[in-house]
There are 2 protein chains.
Amino acid sequence: MIETPIGEALHRLLHAYKRAMREAYRDIGIELAIAHIRTLKLIHQFQASTGAPCTAQAIAIRLERDKAQIARLVKDLLSAELIEKQSNPDDGRSQLLTVTHHGEAMLERIRMAERQASQRMAAGLSNEELTTFIRLGNTMTANLGEPEGRRQSSKSIPQEK
Amino acid sequence: MIETPIGEALHRLLHAYKRAMREAYRDIGIELAIAHIRTLKLIHQFQASTGAPCTAQAIAIRLERDKAQIARLVKDLLSAELIEKQSNPDDGRSQLLTVTHHGEAMLERIRMAERQASQRMAAGLSNEELTTFIRLGNTMTANLGEPEGRRQSSKSIPQEK
DNA sequence: AAGGCATAGTTGACAAAATCAACCAGATAA
DNA sequence: TTATCTGGTTGATTTTGTCAACTATGCCTT
């Protein structure tokens with residue numbers, strides 16, 4: 001077969017992965033798009049790991065996305081009543097986002113769907129191999145994440161360590 | 001930091017990678033989108049490895065994309081005179097695609113841009129680690145690529161081995 | 001030879017993902 | 001008080017991707 005460099009391997013894997021995830025979500029009756037699901041998961045993880053609510057700014061930083069896109073994703077999740085917002089007492093411009101009970105239930109269904117697809121993806125690979133893959137992937141992401149300039153949404157935002 | 005499973009690591013890496021590639025292409029004055037570039041590269045690789053021209057069907061199979069999308073990508077590349085087509089003598093429905101000299105020159109510029117970004121991405125990693133990453137990635141892609149049904153563009157098309 | 005089915009490619013429509021720019025209200029620093 | 005920065009919003013656009021229906025051609029069966 002044709003030799004594939006890293007970039008090509010990545011494209012193919014993420015495309016296959018997204019397709020598998022979409023099918024798994026659809027099989028369970030979840031109609032959320034993948035970006036919405038990632039955002040919902042991040043809001044929940046933020047709460048769980050810091051004990052504090054999340055902000056749109058934190059999501060934009062963590063996902064390295066344009067804040068405009070995050071705003072639209074958050075708006076959709078609010079409309080679906082999967083998250084809710086309160087005014088931030090420390091910053092009048094900002095809202096604190098938390099996952100609702102409805103959102104918690106949705107997250108549980110998402111986990112079920114992902115478990116199945118992830119097991120299929122990882123078939124024949126040891127835990128060590130999976131850990132190695134994640135480590136190498138995160139290293140490359142970090143390598144790419146130190147820009148020389150022109151990054152928009154995070155141009156003057158310090159990278160979290 | 002928050003633990004990231006494989007899916008999350010993949011999303012972040014490909015997003016960072018695509019952004020780095022776009023910046024590298026832009027720095028060199030290339031205005032093609034990434035999907036167009038991947039298609040152009042594939043047509044060239046197909047020629048180089050088989051000695052025969054490429055077809056839209058072969059691209060759809062190799063990239064695992066909907067044939068409608070491939071048709072649009074091919075149309076754009078034809079308009080940009082990066083590739084050209086001839087009627088397939090063996091199949092009146094099909095056209096054979098080849099890269100033009102203009103396309104060859106574009107590919108050379110693309111390789112220069114990618115070399116720089118790839119080196120930055122791979123900083124600190126050995127060749128063995130990069131090879132391992134690609135191998136694991138391709139294994140997972142293959143795991144996901146054996147559908148139980150509902151795949152559109154490749155539903156009745158046998159997977160290449 | 002004719003009919004039925006499958007296929008290569010095209011087109012329309014739509015959804016998802018992502019970026020860029022401009023804006024407003026609030027926060028901070030001088 | 002003023003200037004600058006920031007969190008978030010909205011509009012516009014580009015890129016990526018999927019689904020369905022269609023046409024012309026190819027293949028198989030009768």
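All values below come from the heavy atoms of this structure, side chains included, with hydrogens, waters and symmetry mates left out. First the proteins, then the strands, lettered A, B, ... as listed; each starts at 1.
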Without decimals, in angstroms, what is the distance between [X] [atom1] and [N] [atom2]?
| X | N | atom1 | atom2 | result |
| --- | --- | --- | --- | --- |
| Glu64(A) | dA18(C) | CD | C1' | 14 Å |
| Ile59(B) | dG9(C) | CD1 | P | 9 Å |
| Leu78(A) | dG8(D) | CG | C1' | 12 Å |
| Leu14(A) | dA18(C) | CG | C1' | 14 Å |
| Arg19(A) | dA16(C) | CZ | C1' | 15 Å |

Is there a side-chain contact between [X] and [Y] (heavy atoms, below 4.5 Å)?
| X | Y | result |
| --- | --- | --- |
| Thr98(A) | Ile83(A) | no |
| Ile110(A) | Ile28(A) | no |
| Leu97(B) | Glu84(B) | no |

Start at the 5' end of DNA chain C and walk down; is the nucleotide closest to Gly92(A) or to Arg38(A) reached first? Arg38(A)
Any salt bridge linking [X] with [Y]? Criterion: basic side-chain nitrogen under 4.0 Å from a carboxylate oxygen.
| X | Y | result |
| --- | --- | --- |
| Glu8(B) | Arg62(A) | no |
| Arg135(B) | Glu129(A) | yes |
| Glu114(A) | Arg111(A) | no |

Geometric class of the Phe133(B)/Phe133(A) ring pair [parallel <30°, tilted 30-60°, perpendicular >60°]: parallel
His15(B) side chain N/O closer than 4.0 Å to the phosphate oxygens (OP1, OP2) of dT19(C)? yes
Polar pairs (N or O, both sides) under 3.5 Å between protein and nucleotides 28-30 of chain C?
none

Heavy-atom donor-acceptor pair, Asn88(B) side chain to Gln95(B) backbone, under 3.5 Å: no
Going by atom types only, do Glu31(B) and Tyr25(B) share a side-chain donor-acceptor pair under 3.5 Å? no
Sequence-aligned protein contact record of nucleotides 10-16 of chain D, with B where the base is within under 4.0 Å of a protein heavy atom and S where only the sugar-phosphate is: BBB--SS
Report the residue (Asn88(B) or His11(A)) whose heavy-atom-nearest nucleotide on DNA chain D is the more 5′ of the two. His11(A)
